[in-house]
Amino acid sequence: MSDTAVSTTSIRGFWRSFRRSRMGLIGLFMFLVVVLMAVFAPAIAPYDPKEVVRVTIDDIYAAPSAEHWLGTDDAGRDVLSNFIYGSRVSLIVGFFASFISIFIGSFVGIVAGFYGGRAENILMRFTDIMLVIPDLPLAVVIVALTKPSLWNIIFVIGALGWTGSARLVRSQTLAVKQRKFVLRARSIGAGNMHIIRYHILPMVLPLIVVNTVLVISLAILNESTLSFLGLSDPTALSWGQMLNFAFTRGAMSARAWWALVMPGLGIVWAVLACTLLGQGLEQVLNPRLETHHLAVGVQMVDRGAEVQA
Amino acid sequence: MKKIVLKLWLFLWIAGLLVACGGGETDSADTDSSESADTSSETADSSDAEASSSDEPVVLRVGWAGSPDTLNPGTAVLTEAYTIFEVVYDSMYQLELDGTYSLELADSLDVSEDGLVYTYHIRDGITFHDGEPLTAEDVAFSYNLYASQEDFPFLPVYTEFFDTVEADDGNNLIITLTDAIPNIQSQLIYLYVLPEHIWGGLEGAAVAEFENEAMIGSGPFKMVEYAQNEFVRLEGVKDHYLQGPTIDEVVFQTFENQDALVQALRTGQVDMITEMPNTAVVSLRNEENIELVSGPPLAPSVTDIIFNQTAPENCPPDDGLCTGHPALQDRNVRLALAHATDKQQIIDVVLLGLGAPGLTLIPDSLGVFYNDSLEDYAYDSTLANQILDDAGYLDSDGDGIREMPDGSNPLNLRMNWPSDSTNAPRMAELLAGMWGEIGVGTQLQALDPDALTATCCPTFDFDVILWGWGSDPDPNFLLSVMLTDEIPTGNSETGYSNPTYDALYLQQAVELDQQARIDTIWEMQRIVHEDVVYIIPFYEQSVQAFRTDRFTGWQTDAGKIALEDPSSLLVVEPVR
């Protein structure tokens, strides 16, 4: 293992490298804020959104005040509390849906790239088909036909968002497959599964990690869109749903900007955080962005192995 | 990656749009609204110019968030289409805002003693907008057309009891009925009279496909220009045989959503708006030169909380799944739920107070037919708990949800509503909270209206649905949804069956004495209320607004609120 490789492979080295990406740091900070907000929602939020409250007409779309820092929504509930709790659904959907996406995408990509031939043909043509079908209309149709529970939303978003990752992983697998050490492993009798497990996967993993973070932002955006269209689980309070209620129940006419701006900002914040973080990680982890084809091959080999460990 | 960035920008753009002007949900919607805003601002500009010179035509601008679906009276579905028909066409009767009927095309009427033959004396000298005379022949032609056209979705219902419709030489229209019916007025109000010299040339399917863009009628306004989803421009017929309008023109301007509508009224782009979100009331009330009016709507409608109470023996054999929770077949449970429902709270939150507590399935806007003598089940969760305790529904496993008296089947109710409803989600949340207080659990889920129809009726694959009905000015239809015979047809969404009620329904349908019919109908409402078949949470009100600095004379205290009705459009005049 050469010294240059160590600089970016150990945790400390990774951090040192990541620290250089200002955008990545901003993304990480923004991301942590959302995660902390979601985790500690009950402690931070001034009110419990699920609580049964008696409201009067004056409480509806009440302007920001000392009691309600960000005003109230169309049901007289505290917008700030809804906003804080809303991050939970967005993150849950974001994480789980992107894991599903990445799992399917990586599986398809590695199988197609590694085995090649007919398997690759079938899988990649299927990927192409999925790629050209517009996600949103398809998601709307599926959600409308199935029961709109939170897990259904997660499943639909996850099942539709894997195509990009599949193509990325496949191309990386194709590149790794050609390396000499794969040939060496094979010549000493390693089976396909062994090679995928110990040689291919470690090499494509950085790419997968980066992609996961980027896909989270897509999933959050998709969840918000579906909720905004009124297709989500009505009991799962999310930012998209807050927008939906504000939009369909006359926040505009009531001039209640707080009911629209807050969830909108939340979505932008979370999506931007994931995008910046993903790009920051990509600069550190994606071998192609740092080195080029003339660089020494060994570096890449080492790095991949280390990150996996 | 590219995709992500693109989507992000798209989102930012949409978010910006939302904040800036409250645009539509889709790209196409935005284009539409900006287009319509453009046209209207042009017309608004010209109105400023008009004000200075009195020779210019007086144009009233009405803003609404819809547009007629078609100008063909046979196939139109949307309320907006009927609003236009109401002023461009005439029919035999005019429904007044106080719920009474007055003769329109005829000046008098003879009814045979057995109530089977109606002879209408059509007024002389009526002409269509193209100058051709309107005679009893045209009326007979129109009624026979409606009766014979199978492609017309709704109108054939109104001619159901017509045996023959003929015109005689003396300009009289003779309708012979198969059965004596008590409500011929409400049967005739939506049968608009069409010119035979135009519609007579159409055959078969061509009738339903006829676009009718020229729209020759005999009403107080005539069609000048129509662009679907943009505007309808009508010109006043000053020498109308009954009453011509004071104004020269009225333009119905379509806006993309209700928020845009409110904005248009604020800025003076339109003089009156036919609808608005209840949330705008507070901010508009303080606005100068704008007056808000609210009251029962012209077209009655009822919102209901539907319990699936289909008894196994009534389950439709072909389509029925009848998976309703068995507890809902017990009146005690429905009664407890009624006592646990705080209607005022629902009205305050969902309608912002702009509604009246609901009572029976016949809404208050049906006037004399509405049985206001009934006493509603008071909101009292202690009493509701007591009722369930006494009936044996106890929470035996301590999870906060009661079970059936035999300890099985927890009272967890599936609650569905159509996903296009803006009121239902909030109502469902409130109900879930209120019913939770008496140990009844709920699983909330919005369904696409088609999917909801499929789970509803006659499948009966649900527990509770939040939905509603639109109604004629006559209660006949609303009463019919509770009939045993309607369980297999899909009109009954409760599966309610009561032979006494069924018998009373048949009785009121042929009762010619108005007061006797009303008594029967009141009794039917009492029975349904006693059995807690529905919970009627509220009667919604129509909320409209107009600019006080443009036109005066709006009919705001005549019982119902409908400023787009001829009753207002004919009499409003510009503020001098």
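Below, chains carry the letters A, B, ... as their sequence lines are ordered, and counting in each starts from 1. Just so you know, these numbers use all the heavy atoms, side chains as well, and skip hydrogens, waters and symmetry mates.
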Quick one: salt bridge (Lys or Arg N to Asp or Glu O under 4.0 Å) partners of B:E287, sequence neighbours excluded?
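Listed in chain order: B:R266.
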Can you sort out the partners of B:E429 under salt bridge (Lys or Arg N to Asp or Glu O under 4.0 Å), two or more places apart, ordered by chain and number?
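Expected list: A:R77, B:R426.
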Between B:Q258 and chain A, with a heavy-atom cut-off of 4.5 Å, which part of the residue counts as in contact: side chain, backbone, both or neither?
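B:Q258 touches chain A through backbone heavy atoms alone.
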Proximity breakdown for B:D450 and chain A, heavy-atom pairs closer than 4.5 Å
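The answer is neither part of B:D450.
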For the rings on B:W64 and B:F255, is their centre-to-centre separation under 6.0 Å?
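No: the rings miss the under 6.0 Å criterion.
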Any side-chain heavy-atom pair from A:V268 and A:V271 closer than 4.5 angstrom?
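Answer no - side chains too far apart.
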Quick check on A:D74 against chain B: is it the side chain, the backbone, both or neither that has a heavy atom closer than 4.5 Å?
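Contact with chain B involves both backbone and side-chain atoms of A:D74.
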Residue A:R255 versus chain B: region with a heavy atom under 4.5 Å
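Side chain only.
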